[in-house]
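Residue numbers run from 1 in the order of the sequence given. The structure displayed is predicted, hence computed values, not measured ones.
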Amino acid sequence: MLVAVLTIFLGALGFAGGLQELVVQGVFNNQKVPLTGGTLGAVSAALLVAAGIALLRQSPRAVPFTRMAAVANLFVSMLVGQMVWGLAGWPMTIVGLGWPLFLLIYVRNVRAAQ
């Protein structure tokens, strides 16, 4: 249950950050890279929130959905973080890479236990 709640929390923080980047830099300042990065960040973080809800509800489809959301968030964090575009700071890049990797390991262990 703790992993599900932390997934929802981190996904909500990522969604807020992606939405802020999308609106402030992308829409108001009319910049294309923050508009794209904010959109990708908000969508992948929303998938992470949904995966956390699926884990919390112990849905039978939670494992493949969490795996998909973690992989999507991993790639978006590499693209939007300090590795490629540099839109997110180092703390968000580290969390954006570390938590999806942890989720992939956690889901693999949960599936092996069943």
Exercise. When clusters are formed by joining ILVMFWY residues with side-chain heavy atoms under 4.5 Å apart, either directly or through shared neighbours, do Met68 and Val71 land in the same one?
Worked result: no
Exercise. Which pair of heavy atoms, one from Ala42 and one from Leu19, lies closest together, and at what distance?
Worked result: CB-N, 4.2 Å
Exercise. What pair of heavy atoms forms the shortest contact from Phe65 to Leu47, and how long is it?
Worked result: CE2-O, 3.7 Å
For this session: Treating Ile, Leu, Val, Met, Phe, Trp and Tyr as nodes and any side-chain heavy-atom pair under 4.5 angstrom as an edge, say whether Leu2 and Leu56 lie in one connected cluster.
Result: no
Exercise. Has the side chain of Glu21 got a donor or acceptor atom that lies under 3.5 Å from a matching backbone atom of Leu35?
Worked result: no
Problem set entry | Asn29 CG: over 12 foreign heavy atoms closer than 6.0 Å | yes
Problem set entry | Shortest non-hydrogen contact between Gly14 and Ala45, atoms and distance | C-CB, 3.5 Å
Exercise. Between the main-chain N or O of Val63 and the side-chain N or O of Thr66, is there a donor-acceptor pair closer than 3.5 Å?
Worked result: no
For this session: Can you spot which of Leu104, Ile94, Val3 makes a side-chain contact (heavy atoms from CB on, under 4.5 Å) with Trp99?
Result: Val3
Problem set entry | Result of checking Ile8, Leu13, Leu103 against Leu48 for side-chain contact (heavy atoms from CB on, under 4.5 Å) | Leu103
For this session: Kindly work out whether a path of hydrophobic side-chain contacts (I/L/V/M/F/W/Y, heavy atoms less than 4.5 Å apart) joins Met92 to Leu97.
Result: no
For this session: Please name the pair of heavy atoms, one in Ala4 and one in Gly52, separated by the smallest distance, quoted to 0.1 Å.
Result: CB-O, 3.5 Å
Seminar exercise, completed: Heavy-atom closest pair (Met83 atom, Met78 atom, distance to 0.1 Å) is CB-O, 3.5 Å
Exercise. Aromatic rings Tyr106 and Phe102: how do their planes relate, parallel, tilted or perpendicular, breaks at 30° and 60°?
Worked result: parallel
For this session: Give a yes or no on this: more than 12 heavy atoms of other residues, nucleotides or ligands lie within 6.0 Å of atom CD of Gln31.
Result: yes
For this session: Measure the OG1-CG distance between Thr93 and Leu87 for me, rounded to the nearest 0.5 Å.
Result: 9.5 Å
Exercise. What about Val23 and Phe15, same hydrophobic cluster or not, with Ile/Leu/Val/Met/Phe/Trp/Tyr joined at side-chain heavy-atom distances under 4.5 Å?
Worked result: yes
Seminar exercise, completed: Closest non-hydrogen atoms of Pro34 and Gln25, given as atom of the first, atom of the second and distance, are CB-CB, 3.4 Å
For this session: Tell me whether Val5 is reachable from Ile105 by hopping between hydrophobic residues (I, L, V, M, F, W, Y) whose side-chain heavy atoms are closer than 4.5 Å.
Result: no
Problem set entry | Identified side-chain contact (heavy atoms from CB on, under 4.5 Å) partner of Ser44 from the options Leu74, Thr39, Asn73 | Asn73
